[in-house]
Protein chains: 2
Amino acid sequence: MPQNSASQEISLSLIKTACSNCNLRELCLPFGLSLEELERLDDLISTRRRIKRGDHLYRAGEAFDSIYAIRSGFFKTDVLLEDGRDQVTGFQMAGELLGLDGICTEAHTCNAIALEDSEICSIPFSRLEGLSREIHNLQHHFHKVMSREIVRDHGVMMLLGTMRAEERLAAFLLNLSQRFTARGFSHAEFYLRMTREEIGSYLGLKLETVSRAFSRFQEEGYIAVQQKHIRILDVNGLKALMTHRT
Amino acid sequence: MPQNSASQEISLSLIKTACSNCNLRELCLPFGLSLEELERLDDLISTRRRIKRGDHLYRAGEAFDSIYAIRSGFFKTDVLLEDGRDQVTGFQMAGELLGLDGICTEAHTCNAIALEDSEICSIPFSRLEGLSREIHNLQHHFHKVMSREIVRDHGVMMLLGTMRAEERLAAFLLNLSQRFTARGFSHAEFYLRMTREEIGSYLGLKLETVSRAFSRFQEEGYIAVQQKHIRILDVNGLKALMTHRT
DNA sequence: AATCACGGTTGACTTGGATCAAGCTAACGC
DNA sequence: GCGTTAGCTTGATCCAAGTCAACCGTGATT
């Protein structure tokens, strides 16, 4: 982003965080709110925080009191077992919410780690509950977001439970592509923010298997890969991989 | 259940469904409500419906307008792919809620099927939203329930992504045992309501693998199995299976 | 009592992905 | 410019779980 970064830094920390002038508003929590409602939501989202690549936004076990909206950047969430095994449970990008897992026990149940320098908006949860008691639209949309998370997880369960390695990776790439598109980026060309190992953990595969599948997709002409740079050359090829049982 | 079943039948259909005199109330949606609040919830849960073993409570694609609390019985939910593959996404028992997946698209995204004759309470969702705008405790508990569902799904993702067959089955049995205990049943002895194939689908395994794992657990003295009847003989043995990487 | 059907068990064999190991690439610090 | 390191690729081998197939047990039907 070649911009006047010095003055940018200053203005960012001075400008009051505001959903009402955020370009992600229609992807994020404020979806469907009126202008007047938006302003009331602004009052509650007072802090925007920078998270450096590699840093934790929160850790499993920490007390929960806020959920977080990603303003910019890219995160992963993972859960750890005592014996050291861990599972990446999701990758989150701008406009998506983090921390919903913490509501049920009042403590976070997973780790959220920035995969690139990111910015997040903190949303104090009890105040969100308060406001959503007053703003019907906000309440309903929040419920939709939680429900969407449940449905998304069912999709991952399907993927882990019934798909073979290449199907999983194809599904993963198509999902990323679709989410980048929704944010106005190219559907066909993007940089992966995560390592092969993190992809593998998410998809229930070893990093070598992920790497081999990338190579095979390239041989077949479905994609062009160079390290983290991906170009999708044949969306239908990838889709076909997923649907017809080999 | 050796009771006066004829009069029982009659009284059941006559008695107005009421959370306030339901013995599951502390496991279910009304958790933590005052008496006065309970009565307001009663007003909204007007219908109790019987679902016969094998019947659908709802199907993927159907319009969503209510969530359901299980009064008695046992359900599974599953999602189907076009090519015929399906994945069981959960097994639900008394006091648990069904249908939360439907909120985000206003259509159900999975099938809910009774695994034994069951009874459910319908909760019209827009009325629930209305009431939870008025009753703080209800709102908060509902959010907790949704969040718990997300956390549960993360657990399943961990299971599918990182565990081997016997670990998965051990985790499954311990989870069932714990949920039966919470409902006042024996933690050590229960009947499975689902087939080996359904267990396998849930755990991402084939039915033969499930069957072999049961046999091995029996050989090792962890459990006694006879068809669907399970007795857990060594909880710690099962727990140990899960924690230390073989 | 005989038949049927469904679900479960067990065995023999196959295979997809894991594991182990070596080498490559790109980015970074000095 | 050169070494170091983290991440990626590729090959060889192995093994857990899948597949295929036969058979068994239980309960329902006649």
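Chain naming here is simple, since letters A, B, ... match the order of the sequence lines and numbering starts at 1 in each. Treat the numbers as computed from the prediction; the structure is a model and nothing was measured.
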Problem set entry | Residue-level proximity of residues 195-202 of chain B to DNA chain C when a heavy atom falls under 4.0 Å | Thr195(B), Arg196(B)
Exercise. The helix from dA1(C)-dT30(D) to dC30(C)-dG1(D): angle between its terminal axes, five pairs each, to 10°?
Worked result: 40°
For this session: Please collect all ring pair (Phe, Tyr, Trp, His ring centres under 6.0 Å) contacts where either partner lies in residues 205-237 of chain B, sequence neighbours excluded, each pair once.
Result: Tyr191(B)-His229(B)
Exercise. Would you say Gln227(B) reaches dT9(C)'s phosphate, i.e. side-chain N/O to OP1/OP2 under 4.0 Å?
Worked result: no
Exercise. Does Glu167(B) pair with Arg85(A) as a salt bridge, N-O distance under 4.0 Å?
Worked result: yes
Exercise. Below 4.0 angstrom from OP1 or OP2 of dT9(D), is there any side-chain N or O of Gln218(A)?
Worked result: no
Exercise. For the residue pair His108(A) and Tyr58(A), does the interplanar ring angle fall in the parallel (under 30°), tilted (30 to 60°) or perpendicular (over 60°) class?
Worked result: parallel
For this session: Give a yes/no on whether any side-chain N or O of Ser211(B) is located under 4.0 angstrom from OP1 or OP2 of dT9(C).
Result: yes
Exercise. Within the pair Lys228(A) and dG7(D), is there a side-chain N or O less than 4.0 Å away from OP1 or OP2?
Worked result: no
For this session: Would you check if the distance from the ring center of Phe91(B) to the ring center of Phe75(B) is below 6.0 Å?
Result: no
For this session: Could you tell me whether the side chain of Arg212(B) has a donor or acceptor atom within less than 3.5 Å of a complementary atom in the base of dG8(C)?
Result: no
Exercise. Given dT10(C), is OP1 or OP2 found less than 4.0 Å from the side-chain N or O atoms of Ser215(B)?
Worked result: yes
For this session: Answer yes or no: is there an ion pair linking Glu219(A) with Arg216(A), defined by an N-O contact shorter than 4.0 Å?
Result: no
Exercise. Are the aromatic rings of Phe185(B) and Phe190(B) close, with centres under 6.0 Å apart?
Worked result: no
